[in-house]
Protein chains: 2
Amino acid sequence: MRPGLAPTRRRVIRKPSARLAPRERILAAARELFYRDGIRAVGVEAIAACAGTNKMTLYRHFSSKDALISAYLNRLSDESDAVWEEARRAEPGNPGAQLRWLLRRVSQFADESSGRGCALANAAVELAGRRHPACRIVEAQKRRTRERLVALCREAGFAHPRELADELFLLVEGARVSLQSVGPRGPGSRLCALAEALLDAAPKVNHKV
Amino acid sequence: MRPGLAPTRRRVIRKPSARLAPRERILAAARELFYRDGIRAVGVEAIAACAGTNKMTLYRHFSSKDALISAYLNRLSDESDAVWEEARRAEPGNPGAQLRWLLRRVSQFADESSGRGCALANAAVELAGRRHPACRIVEAQKRRTRERLVALCREAGFAHPRELADELFLLVEGARVSLQSVGPRGPGSRLCALAEALLDAAPKVNHKV
DNA sequence: CTTTGGTGTTACCGATCGGTAACATCATGG
DNA sequence: CCATGATGTTACCGATCGGTAACACCAAAG
């Protein structure tokens, strides 16, 4: 083992065009099926088949279905965090533009998505009552999102950042959940317009409107 | 059978203090368990036991678990409709007060509830992908709620009733779903204040603000 | 009284699901 | 070339679940 490399990096990307490692394919399959059909409705065998492998290999990478669920939610949470970084890079030094960038992102996601709402929130619903550690993942992610929203609203110079952030948060969550329950042509489709109007009307700190 | 009475009304309320008919107890048990633990997580046997009866009697009243789910959601939908009638009786002829009455109602429900959000929306999440007729029930109820909101906002004299109604709708749905996913101390607890502020700031038709 | 219809009880069936054991296969690294 | 470790395959286990059959029970209506 050479210094600076992970010890005996096994399966070093067989070929550039080779398919991903089984663990990644399983996570991708879980992501697709969990989101589309629901966590409880999908069996581990279906996930393994969708990943082009089998149940044994799945259980060699994840100790249980619950562990797979947690890994799935952790990945979703990480990707959600990445979106915030993306917004920061897209509109550097401009918190207001970052806010609007994020809103548009959520809106277009809502359009292109299969209308199944927020995968994290759906998981929290399906894992009800259970002291499943996965629920903690969802809660932590949502809490972080809320805090980030408050911070961004404050940086953008709004007079009441917490109130504005909570209102935006509820609008976004409501849009996603109603996308699931009332359909893609429901009020969720107006999220972008409503949120933008809200931002336009919100008072700033220095100059009263 | 005497005229003016339903033909051979069977089981005419045995005694004033007697417990309800099995069908009612089953529906009540299903309501409690479905909401608390999730539809897919609860077995028919648990529902029957919670209702003080057994699986056979359950299947004598509901042809399948899916039929029970539909009955459960239909009842929820009916009760939701009843709340609108209650608002009309509580604040007759005053659409604005009815709006605020409903908002307060939702908020206090959010507080006293177990933090599991909207039972209808949760059902839509759990019944994902399936062309389950129950999904139609949820969709119809949500659509009706939205239309009623628009009508009430229009009657209350707001200048942009559809926009305001959709914003209120999203706020309410977001508050309920985030009650489930981020917890009872999340932004959902601010629903009432946010919505009231929204109503206060919304322009009316006759006198511009 | 007897009849009748709803109810309780037990046992069971078939299907599905999460999870495991044992063994064959195959590519890699030494 | 051989050893090693990851992967594929098959079969299986126990538990749970939706749903049904058969029969005993019990209260009310005639």
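None of these values were measured; they are calculated from a predicted model. Chain naming here is simple, since letters A, B, ... match the order of the sequence lines and numbering starts at 1 in each.
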Considering only heavy atoms and no angle criterion, is a donor-acceptor pair shorter than 3.5 Å present between the side chain of A:Lys65 and the base of C:dG19? no

Tell me whether the side-chain N or O atoms of A:Arg60 pair up with the base of D:dG8 as donor and acceptor below 3.5 Å, since no angle test is needed here.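 Side chain to base: pair found, below 3.5 Å.
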
Between [atom2] of [N] and [atom1] of [X], the distance in whole Å:
{"X": "A:Leu68", "N": "C:dC17", "atom1": "CG", "atom2": "P", "value": "15 Å"}
{"X": "B:Ile26", "N": "C:dT7", "atom1": "CD1", "atom2": "P", "value": "8 Å"}
{"X": "A:Leu58", "N": "C:dA21", "atom1": "CG", "atom2": "P", "value": "16 Å"}
{"X": "B:Met56", "N": "D:dC23", "atom1": "CE", "atom2": "C1'", "value": "11 Å"}
{"X": "B:Tyr59", "N": "D:dC17", "atom1": "OH", "atom2": "P", "value": "11 Å"}
{"X": "B:Arg25", "N": "C:dG6", "atom1": "CZ", "atom2": "P", "value": "15 Å"}
{"X": "B:Glu45", "N": "C:dC12", "atom1": "CD", "atom2": "C1'", "value": "12 Å"}
{"X": "B:Lys55", "N": "C:dG8", "atom1": "NZ", "atom2": "C1'", "value": "14 Å"}

With nearest nucleotide decided by heavy atoms, which residue, A:Ser64 or B:Thr57, maps closer to the 5′ end of DNA chain C?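 That would be B:Thr57.
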
Toward the 5' end of DNA chain C, by each residue's nearest nucleotide, B:Arg23 or A:Gly43: B:Arg23

Check whether any side-chain nitrogen or oxygen of B:His61 sits under 4.0 Å from OP1 or OP2 of C:dT7, and answer yes or no. yes

Donor on one side chain, acceptor on other, A:Arg144 and A:Ser80, under 3.5 Å: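 Side chains of A:Arg144 and A:Ser80: no pair found under 3.5 Å.
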
Any donor-acceptor N or O pair under 3.5 Å, side chains B:Ser77, B:Asn74: no

Counting C-beta onward and ignoring hydrogens, is there a side-chain heavy-atom pair between A:Arg88 and A:Gln98 closer than 4.5 Å?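 Yes, close enough: below the 4.5 Å cut-off.
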
With A:Arg31 as reference, evaluate A:Ile47, A:Leu76, A:Ile26 under the side-chain contact (heavy atoms from CB on, under 4.5 Å) test and give the passing residue.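 The option that passes is A:Leu76.
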
